[in-house]
Amino acid sequence: QVQLVESGGGLVQPGGSLRLSCVTSGFTFNNYAMSWNRQAPGNERELVASITSPSGSTNYADSVKGRFTISRDNAKNTMYLQMNSLRPEDTAVYYCAAVGPVRPLGGLRSTYWGQGTQVTVSS
């Protein structure tokens, strides 16, 4: 059974920091690209950051570049998002996602989602 479980969300003041974790099981973690995504009420879900494997190359949304750091520990099947200098506009539900390798015969890659963790940035 595939599971992705986020944790680490909560209430933080502007300028503060949080570290999110995504603990996974049920699939070959190191074969999957991982990402953090977020969605605020009334908004589209947006990609925040992604990280590949095994290269570990990263990409960030412009809105979080320089403030957030994505990382992964393949030995622990876990992905992290270090969030610094948080702003009220970072308030959203943050979701962990896994995207599998390209299939030789084409078609969509396997995609798995966690349940999300709430991040609220407010004074």
Side-chain angles (χ1 to χ4, degrees):
Q1 183 178 349
V2 171
Q3 287 189 302
L4 292 78
V5 181
E6 301 96 335
S7 63
L11 175 64
V12 65
Q13 294 185 106
S17 297
L18 285 173
R19 190 179 76 152
L20 306 184
S21 298
C22 173
V23 178
T24 75
S25 60
F27 65 98
T28 307
F29 180 80
N30 62 9
N31 286 346
Y32 280 67
M34 299 293 297
S35 68
W36 287 101
N37 308 262
R38 67 187 182 187
Q39 188 168 22
N43 289 3
E44 295 287 322
R45 188 171 297 186
E46 65 173 339
L47 177 66
V48 175
S50 63
I51 183 166
T52 63
S53 181
S55 67
S57 62
T58 59
N59 275 289
Y60 298 91
D62 287 343
S63 59
V64 308
K65 198 169 299 180
R67 300 187 297 120
F68 291 10
T69 303
I70 189 171
S71 61
R72 64 192 295 162
D73 185 340
N74 285 350
K76 295 182 178 294
N77 295 336
T78 301
M79 177 181 64
Y80 306 95
L81 184 68
Q82 179 66 47
M83 304 185 294
N84 299 325
S85 302
L86 283 161
R87 305 167 180 169
E89 53 263 43
D90 295 318
T91 296
V93 178
Y94 283 71
Y95 297 92
C96 175
V99 179
V102 174
R103 299 180 183 274
L105 298 180
L108 299 178
R109 291 176 285 177
S110 297
T111 303
Y112 305 115
W113 291 88
Q115 291 289 106
T117 185
Q118 177 72 49
V119 172
T120 303
V121 185
S122 177
S123 58

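All heavy atoms count here, side chains included; hydrogens, waters and symmetry mates do not. Keep in mind that what you see is a predicted model, and the values were worked out from it rather than measured.
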List, by chain and then residue number, the residues other than Trp36 in its hydrophobic cluster (Ile/Leu/Val/Met/Phe/Trp/Tyr, side-chain heavy atoms under 4.5 Å); write none if there are no others. Val2, Leu4, Val12, Leu18, Leu20, Phe27, Phe29, Tyr32, Met34, Val48, Ile51, Tyr60, Val64, Phe68, Ile70, Met79, Leu81, Met83, Leu86, Tyr94, Tyr112, Val119, Val121
My understanding is that a hydrophobic cluster links ILVMFWY residues whose side chain heavy atoms are under 4.5 Å apart, including indirect links. Using that, what else belongs to the cluster containing Tyr95? Val93, Trp113
Mind jotting down which residue pairs meet the side-chain hydrogen bond (donor to acceptor under 3.5 Å, both in side chains) criterion with at least one end in residues 68-77? Sequence neighbours excluded, please.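 The answer is Ser53-Asn74, Arg72-Asn74.
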Using the side-chain hydrogen bond (donor to acceptor under 3.5 Å, both in side chains) rule, collect all pairs that involve residues 9-27, keeping only residues at least two apart or in two chains. Ser17-Asn84
Assess the residue pair Arg38 and Thr91 against the criterion (side chain to side chain donor-acceptor pair (under 3.5 Å)); give the C-alpha distance rounded to whole Å, side-chain angles, the decisive distance to 0.1 Å, and a yes or no. CA-CA 9 Å; Arg38 67 187 182 187; Thr91 296; over 6 Å; no
Keeping [X] on the side-chain end and [Y] on the backbone end, is there a donor-acceptor pair under 3.5 Å?
X      : Y      : result
Thr117 : Gly9   : yes
Arg45  : Gln39  : no
Asn31  : Thr28  : no
Glu6   : Gln115 : yes

By the disulfide (SG to SG under 2.5 Å) test, which pairs, at least two apart or in different chains, include something from residues 83-116? Cys22-Cys96
Pairwise disulfide (SG to SG under 2.5 Å) hits with a residue in residues 32-70, at least two apart: none
Distance (rounded to the nearest 0.5 Å) between Leu47 CG and Ser35 OG: 5.5 Å
To the nearest 0.5 angstrom, please state how far the OG atom of Ser123 sits from the CG atom of Leu11.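 If I round to the nearest 0.5 Å, the distance is 9.5 Å.
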Side chain to side chain, Pro88 and Pro14, heavy atoms closer than 4.5 Å: yes
Quick one: do the Arg103 and Ser110 side chains pair a donor with an acceptor below 3.5 Å? yes
Enclosure of Gln82 CD (heavy-atom neighbours >12, cutoff 6.0 Å): yes
Give a yes or no on whether a salt bridge exists between Asp62 and Lys65, defined as a side-chain N under 4.0 angstrom from a carboxylate O.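 The answer is yes: the pair qualifies as a salt bridge.
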